Amino acid sequence: MNTMKMKKIEKFAKEKWEDEKLSAFDRSRMDEKFYVMDMFSYPSGAKLHLGHWFNFGLVDSYARFKKMQGYNVFQPMGFDAFGLPAENYAIKTGTHPKDSTMKNIEIMRGQLKEMGGMFDWSNEVVTCDPEYYRWTQWVFTVLYKRGLAYKKAAPANWCPSCKTVLAREQVKQGKCERCGSEVHIKKMNQWFLKITDYAEELLTGLDDLDWPEKTKAMQRNWIGKSEGASVVFTNERVGNLEIFTTRPDTIFGVTYIVMAPEHDLVTRLVTKEYAEEVDNYVRRTEMLTEIERQSTTHEKTGVFTGSYAKNPVTGKMVPIWISDYVLESYGTGIVMAVPAHDDRDYEFARKYNLEVVPVIDGFNPDGHCAYTGDGNMINSDFLNGKSVEEAKTLIVRYLAEHNVGGKKVTYRLRDWLISRQRYWGAPIPIVYCDDCGEVLVPDEQLPVLLPYDVDFRPDGESPLARNEKFVNTICPCCGKPAKREVDTMDTFMCSSWYMLRYPDARNDKEAFDPDFINQMLPVDKYVGGAEHSCMHLIYARFVTKVLRDAGYLKFDEPFKSLVHQGTILGPDGQKMSKSKGNTVSPDEYIEKYGSDVFRTYLMFGFNYIEGGPWSDSGIEAIKKYYDRVDKTFDTYFSIKDFADVCEQPEMDLLLAVNSTIEKVTAGMETFQFNTSVARMMELFSSIRNYIDTGRNSKILIGVMETITKLMAPEAPHLAEYYWEKLGYTKSIFKTEWPKVDKEVIEHANIKIPVQINSKNITILTVSKGVGKDELTEMAMLHVNAKLNGRKIKKVIFVPDRIINFVVK
RNA sequence: GCCGAUGUGGCGGAAUUGGUAGACGCACUGGACUCAAAAUCCAGCGGGAAACCAUGUGGGUUCGAGUCCCACCAUCGGUACCA
């Protein structure tokens, strides 16, 4: 098929879909709703790349398949339009982030239409549109009102030369990627969302989700629940020093405690004698990124503070150290060290010559390592002789009774830092008033508009702080002059609730109509990259749960079923990136082969879940395949008379058709698109062979209709064209997906291998469902010839699969 | 280091979930058509002369293992010294 014909067909099909409003969701058929959603794209590059195609194109095929199965499909599309790259691009080139973003969206929107996606554009979402971020701000207000938004000082990566906060992505080996200066940790007052309040539910909620097990495991690790105890040590100068431990049983073996260097109490604990050393160490730690501190190759270092803490159980005084291997953000930022029974503590104790006291039998003083196994307690007063488990229970009870600690659960999950000292994001709807303090902007005053005219070059503060018109406002509470919050929100905030906005995207009264949204969600199939396993997917779950508790939603989880598409790598097997120069643009392929050929190639050439390196060696074959399809249709259309016969060739053809329906359906359902395409190729080949033999039974008419439907998700434009040529006026996507004729399948002949001692001796062709006795009788003819006097000990028969004679 | 995933022909990848390993396709080889080439069509295509050997390596369970178990190796991803 030449390019001209192909383009004509694509145009024809797209017009037809437009006329028939194929992508429109029917609000009167809620029982059959099916919400298919792709992770929306970030319009940083000007054009759609291969990964977009792999995601959006193939999920569109899935959506079309679902539509043909009779579902009332809702497949929206949108753009995650705020974010750092647009701002960086602006700093570099002077192009305003809004201008470049809107331009990119315009182009990508056009390409998505070119793709032929059945996207409901009437519900498009663009997160940098005030009509959208107005409601992102509203989501913030809901969180705020529920006490889930708060401000606290938190460390940020700071480039002293660019005078700006850096994303971890912008820090390369401790240096700013733009200017190469050493990156420092700077504490800044920032907004947090209390996701940790939902840690337990975010964890248990995973159990019932139809998500890849791998993703669930990653989220479980991310949340990182650990059960243990808190123990309150005391220091005469600062009072209580609460620590968290998973090994309270080893309390009698504590020989020192360690604090995170950045811990607030450090300055108050350090004695004059050690002040300089501690100060140096703290400053050295500030130069390290969290990754460096946590690396195992990083040697354990620490400094004594000069102070001591009292063990609440033993009364013993132990030295207080600081070390960068303790993080302020986990637990309480203070650790009790038991070198005899913890590898890290042992290493540290050996290095600094600290005391080692074994409290579980099994520790070898000459072993040069900690003993972390089970055993009975020793050197532990009232715990002596107890097992580790018993000791844990007893000591937790003791701590609670004496009011110096008790059972405690800690999560690795940290509260969500949403403040960004950047321009290109949704402003945080807060006003600071001298009289009223921190005031939430009332709903009716939303959106807090992001001004266009802003100097977004970095110079030490949030760009919005330099826009007087923006900053100076009136307190919503008392009407006096006040100042606006100048930080903007993390873009993950925009994407944490977009699944709720999509179905009701043009609603200008509220973020969404709860009655409607409670029917539309959860999303039935969510598809996107595995890189979002932790952040985005947890944030969206969190926001959903908060909105549920606030009374807006009646469901617990936003995404019922999740699929991750694999990554298409560059031809060199490396991740595609502009810097590596291994990117592949889909455009030239679309131009040359058309969107259907390209789509089918992506379906056929890769395992969808795994992805793989790009190679175009097979794309020509897909073009040839559709050329053969086209010829087959031509031949079919040229047939004048159909005979009324149904003999063996017709039976064979019907069997091929029905088994293809079965397999293509299964493949589409499970995102195994490659096998669906393979089965289609086989069926077309069968049809061609049938027609070539000169037979033209009336059965062929139905066969051609069926195969056209089956090919519709894979090659939507072509299928629509053939469907019309077959004499139908209504879109093929409004017809029913073919059903398997079970009669045909059930009476098919199958091949069953006959084995002796698990080695094939022959293959029998029998009718499906053949019984053991009958098959044994047939097989014996072949088996007897090979027995050579051996005796049959056992016959293994798996229906429709195998018969195996175990002989001796 | 830890956690997770993956490992099948020259290549992309199949394998009904423990039952004929290599579907489908690429590349390649041979043939038909052609003055010739391209295109198209047909046939072959893991290794081996064969017995047999083959799913990263070595063991194990089983009548039977790509699939399950144990150990190891390699690659990729995530990443926490989690107290």
Side-chain angles (χ1 to χ4, degrees), chain A residues 212-215 217-218 220-222 224-226 228-229 231 243-248 250 257-258 260 290-291 293-300 323-327 329-338 341-345 347-348 410-413 530-531 533-534 566-567 569 573-575 601 604-607 609-610 612-622 624-625 627-628 631 662-663 666-667 672 674-682 685 688 692 751-763 793-808:
Chain A
E213 281 308 317
K214 182 189 158 190
T215 311
M218 281 167 82
R220 287 191 186 104
N221 283 336
W222 190 266
K225 181 178 182 175
S226 72
V231 185
I243 64 105
F244 172 73
T245 179
T246 52
R247 295 296 305 272
T250 60
I257 69 174
V258 193
E290 208 165 279
I291 285 179
R293 282 173 64 172
Q294 291 159 4
S295 157
T296 40
T297 52
H298 180 62
E299 198 191 347
K300 278 174 191 53
S323 172
D324 59 15
Y325 79 82
V326 177
L327 303 178
S329 56
Y330 184 79
T332 60
I334 315 177
V335 178
M336 68 177 210
V338 187
H341 305 290
D342 183 283
D343 294 326
R344 297 172 303 265
D345 298 343
E347 194 189 323
F348 194 83
T410 291
Y411 299 89
R412 183 188 163 278
L413 185 71
E531 67 273 19
S533 291
C534 286
T567 314
L569 305 167
Q574 302 283 101
K575 227 179 199 162
Y601 179 61
F604 182 63
F606 305 85
N607 174 309
I609 311 291
E610 285 167 22
W614 172 256
S615 150
D616 60 8
S617 66
I619 193 165
E620 193 69 38
I622 301 296
K624 286 175 189 169
Y625 159 61
D627 284 346
R628 286 195 297 272
K631 267 185 211 151
E662 201 175 30
K663 286 167 182 162
Q672 289 176 289
N674 47 357
T675 55
S676 285
V677 176
R679 300 293 87 82
M680 287 298 289
M681 288 173 166
E682 285 170 341
S685 162
R688 230 166 9 170
D692 286 352
K751 287 173 177 172
I752 297 187
V754 178
Q755 304 182 328
I756 291 178
N757 289 344
S758 306
K759 295 217 161 126
N760 284 3
I761 55 161
T762 188
I763 288 165
K793 276 192 69 186
K794 202 170 159 192
V795 180
I796 290 161
F797 169 73
V798 183
D800 289 346
R801 193 108 315 160
I802 205 157
I803 187 156
N804 183 16
F805 296 85
V806 184
V807 306
K808 234 184 187 171

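Lettering follows sequence order; numbering is per chain, from 1. Here the structure is a predicted model, which is why all the values come from computation and not from measurement.
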Using the P atom in both, what is the distance from B/A5 to B/C69, to the nearest Å?
11 Å

Tell which nucleotide pairs with B/A71, taking only Watson-Crick or G-U wobble pairs whose two distances are both under 3.5 angstrom.
B/U57

Could you go through nucleotides 27-33 of chain B and list every protein N or O atom that sits under 3.5 Å from one of its N or O atoms, giving the distance for each pair?
none

For the pair A/Asn760 (side chain) and A/Pro753 (backbone), establish whether a donor and an acceptor sit closer than 3.5 Å, ignoring hydrogens and angles.
no

In Watson-Crick or G-U wobble terms, with both distances under 3.5 Å, the base opposite B/A83 is none

Once you apply the 3.5 Å cut-off to both distances, tell me the Watson-Crick or G-U wobble partner of B/G25, or none.
B/C11

Whether A/Asn221 contacts B/U79 is assessed here as follows: a side-chain N or O lying under 4.0 Å from the phosphate OP1 or OP2. Is that the case?
no

When you check the glycosidic angle of B/U40, does it come out syn, meaning within 90° of 0, or anti?
anti

Let's test this: given Watson-Crick or G-U wobble pairing with both distances under 3.5 Å, identify the partner of B/A39.
none

Glycosidic conformation of B/G47, syn or anti, with 90° from 0 as the boundary?
anti

Check every strand shown and say whether A/Gly605 touches a base, only sugar-phosphate, or nothing at a heavy-atom separation below 4.0 Å.
sugar-phosphate

What's A/Arg679 touching, base or sugar-phosphate or nothing? Going by heavy atoms closer than 4.0 Å.
base

Does A/Trp222 offer a backbone N or O that forms a donor-acceptor pair with the side chain of A/Arg412 under 3.5 Å?
yes

Between A/Ile796 and A/Pro753, whichever has its closest RNA chain B nucleotide further toward 5' is A/Pro753

With a 4.5 Å heavy-atom cut-off, do A/Met336 and A/Thr250 have their side chains touching?
yes

Which is true for A/Met336 with a 4.0 Å heavy-atom rule: it touches a base, it touches only sugar-phosphate, or it touches nothing?
sugar-phosphate

Base, sugar-phosphate or nothing for A/Ala621? Non-hydrogen atoms, less than 4.0 Å.
sugar-phosphate

Tell me whether the rings of A/Phe244 and A/Tyr330 are parallel (<30°), tilted (30 to 60°) or perpendicular (>60°).
perpendicular

Mate of B/U34 where both pairing distances stay under 3.5 Å, Watson-Crick or G-U
none

Pairing partner (Watson-Crick or G-U wobble, both distances under 3.5 angstrom) of B/U16:
none

Applying a 4.0 Å non-hydrogen cut-off, can you work out what A/Asn804 is touching in the nucleic acid: base, sugar-phosphate, or nothing?
base

Sugar-phosphate, base or nothing in reach of A/Phe805, heavy atoms under 4.0 Å:
nothing

Pick the closest RNA chain B nucleotide for A/Trp222 and for A/Ser615 by heavy atoms, then say which residue is nearer the 5' end.
A/Ser615

Need one value for A/Glu620: base, sugar-phosphate or nothing, where a base atom within 4.0 Å counts as base even if backbone is also close, heavy atoms only.
nothing

Quiz item: A/Arg801 side-chain donor-acceptor pair to B/U16 base, under 3.5 Å
yes

A/Phe604/A/Tyr625 aromatic ring centres below 6.0 Å:
no

Is the shortest heavy-atom distance from the side chain of A/Ile622 to the side chain of A/Met681 under 4.5 Å?
yes

Do the side chains of A/Ile257 and A/Ile334 get nearer than 4.5 Å, heavy atoms only?
yes

Should B/G78 form a Watson-Crick or G-U wobble pair with both distances under 3.5 Å, which nucleotide is its partner?
B/C2

